[in-house]
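Everything on this sheet refers to the single structure shown next.
Keep in mind the model is a prediction, meaning the values are calculated, not measured. Values below: every heavy atom of this structure, side chains too, minus hydrogens, waters and symmetry copies.
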Amino acid sequence: MADEEWIPSYVTSKNGSTKYTLERVNSEILGSKRQTIEWLIEHRLLSPQPTCDICRKLMKLAAIASNSDGFRWQCRNDSAEGKHRVVKSVRRHSWFEGSRLTLGELMTFAYYWSHDLPLTFISHETGLSMRTLVDWAKFKREICQETMIKIQKPIGGPGIHVEVGESRFGKRSNIRGCLREGQLLFGGCERDDQCKFFMMCVENWDAETLLGLIAKWVVKGSIIHSDKAKVYDRLPEMGYMHLTASQFVDADTGASHIENVWRHAKKSLPRYGARRYLLTGYLAEHAWRQQTKVKDGDPFLEILRAIANIYNRV
């Protein structure tokens, strides 16, 4: 009989780090409720051992069967002098605070979502309702938005080619609140590194708006490629070299590089479209996934680090 194939519980990335698989999540994080709490504390997703508000001593992790977390922080003093009993939730001051889902359910969802799996699949695998998953996916997009705001930097530089352009997302719709005439967007990307890009929702494509965004997001000295719209004629006055983009296309797709950026961004939107007020979140999620992909990071750990960086109040 042939030897059974050995399947590791982790995947090694190009930079040598190990990525979590679902098997590894279940064994290293979700093996027990105490193990889950300790792992979340270690990774700054739960607050560390707190002090008692009365005696100022460190509180202990105490098991409690009536709590879905299985544990809570507790300080108990039964002496006649200074008698007190203080308890605190392990979720206090964390992203998990206030949720009715178990920590295990939230971590499993984080894993599936980070790997861009459909919510219908996640619902089937976890038993969670679509309504619940839609809400938590929205929370994840908010995390992506906050993260991208913090890390996004201007693109280009002296001698670096940058393509800029406009796009319109969405079609005419009779559904209240959905994109109607289409949301106007403006963005740019480096020709030699399309993972360095920016995209913004705008109210119009006038000179003040577009040139203002270029000044903010493209480093002076860059070689900017655009269409032949007159609005871009002022770029040399602003410290940029300006060329039209018609002769610069992707050999595989026949489209310009900025058009490819728009195409990938549109693919990341739900098939049924996105309400106008949610579009920025979807674009932020797309940008976050692109950034994670280019650095070959573990999407599961990356989204958890982003949550820790935003919600860690210790």
Side-chain angles (χ1 to χ4, degrees), residues 14-15 141 144-169 182-269 279-297 299 302 306 309:
K14 295 176 183 177
N15 58 26
R141 291 195 296 273
C144 293
Q145 194 168 344
E146 290 288 330
T147 300
M148 295 310 299
I149 289 173
K150 289 183 178 181
I151 70 173
Q152 194 165 24
K153 299 178 181 179
I155 64 175
I160 296 178
H161 294 262
V162 174
E163 291 188 16
V164 299
E166 315 89 35
S167 187
R168 186 190 300 268
F169 280 24
Q183 173 64 57
L184 304 183
L185 290 98
F186 179 73
C189 69
E190 292 188 11
R191 285 189 57 223
D192 296 327
D193 188 353
Q194 293 179 50
C195 286
K196 293 182 178 179
F197 66 91
F198 71 93
M199 55 178 66
M200 303 288 169
C201 296
V202 296
E203 292 298 322
N204 55 66
W205 291 327
D206 62 17
E208 181 181 1
T209 299
L210 301 191
L211 296 181
L213 288 174
I214 290 174
K216 180 178 181 179
W217 291 106
V218 182
V219 177
K220 291 189 184 302
S222 301
I223 304 171
I224 295 182
H225 301 265
S226 73
D227 58 29
K228 296 181 180 180
K230 289 188 177 181
V231 64
Y232 300 113
D233 291 344
R234 291 168 50 188
L235 288 175
E237 304 172 13
M238 299 170 59
Y240 303 101
M241 181 181 293
H242 180 222
L243 299 172
T244 58
S246 58
Q247 57 186 311
F248 298 99
V249 297
D250 188 290
D252 296 325
T253 64
S256 68
H257 294 80
I258 187 62
E259 287 173 344
N260 286 333
V261 169
W262 294 131
R263 178 169 56 84
H264 289 302
K266 288 178 180 179
K267 281 186 176 181
S268 70
L269 298 179
L279 181 59
T280 301
Y282 280 107
L283 295 178
E285 178 187 343
H286 169 70
W288 176 84
R289 292 190 186 279
Q290 290 293 101
Q291 292 284 346
T292 302
K293 181 179 178 180
V294 73
K295 65 181 182 182
D296 196 29
E302 290 296 330
N309 289 336

In terms of heavy-atom contacts, Gly157 and Ser222 come closest through N-OG, 2.8 Å

Counting neighbours of NZ on Lys293 that are heavy atoms of other residues, nucleotides or ligands and sit closer than 6.0 Å, is the number greater than 12? no

Spatial distance of atom CD1 (Ile224) from atom CZ (Arg191) [nearest 0.5 Å]: 13.5 Å

Over 12 non-hydrogen atoms of neighbours within 6.0 angstrom of CE in Met241: no

Can any side-chain N or O of Thr292 pair as donor or acceptor with the backbone N or O of Trp288 at less than 3.5 Å? yes

Atom pair CG (Asp227) and CD (Glu163), whose distance is rounded to the nearest 0.5 Å: 11.0 Å

For the side chain of Tyr240 and the backbone of Ile214, is there at least one donor-acceptor N/O pair under 3.5 Å apart? yes

Would you name the heavy atoms of Ile258 and Gly165 that are closest together and state the gap between them? CG1-N, 4.0 Å

With under 30° as parallel and over 60° as perpendicular, where do the rings of Phe197 and His286 fit, or are they tilted in between? tilted

Is the distance from the ring center of His161 to that of His225 below 6.0 Å? yes

Those residues that, when tested against Ser167, pass side-chain hydrogen bond (donor to acceptor under 3.5 Å, both in side chains) (two or more places apart): Lys266

Heavy-atom pair of closest approach, residues Val202 and Gln183: O-NE2, 3.0 Å

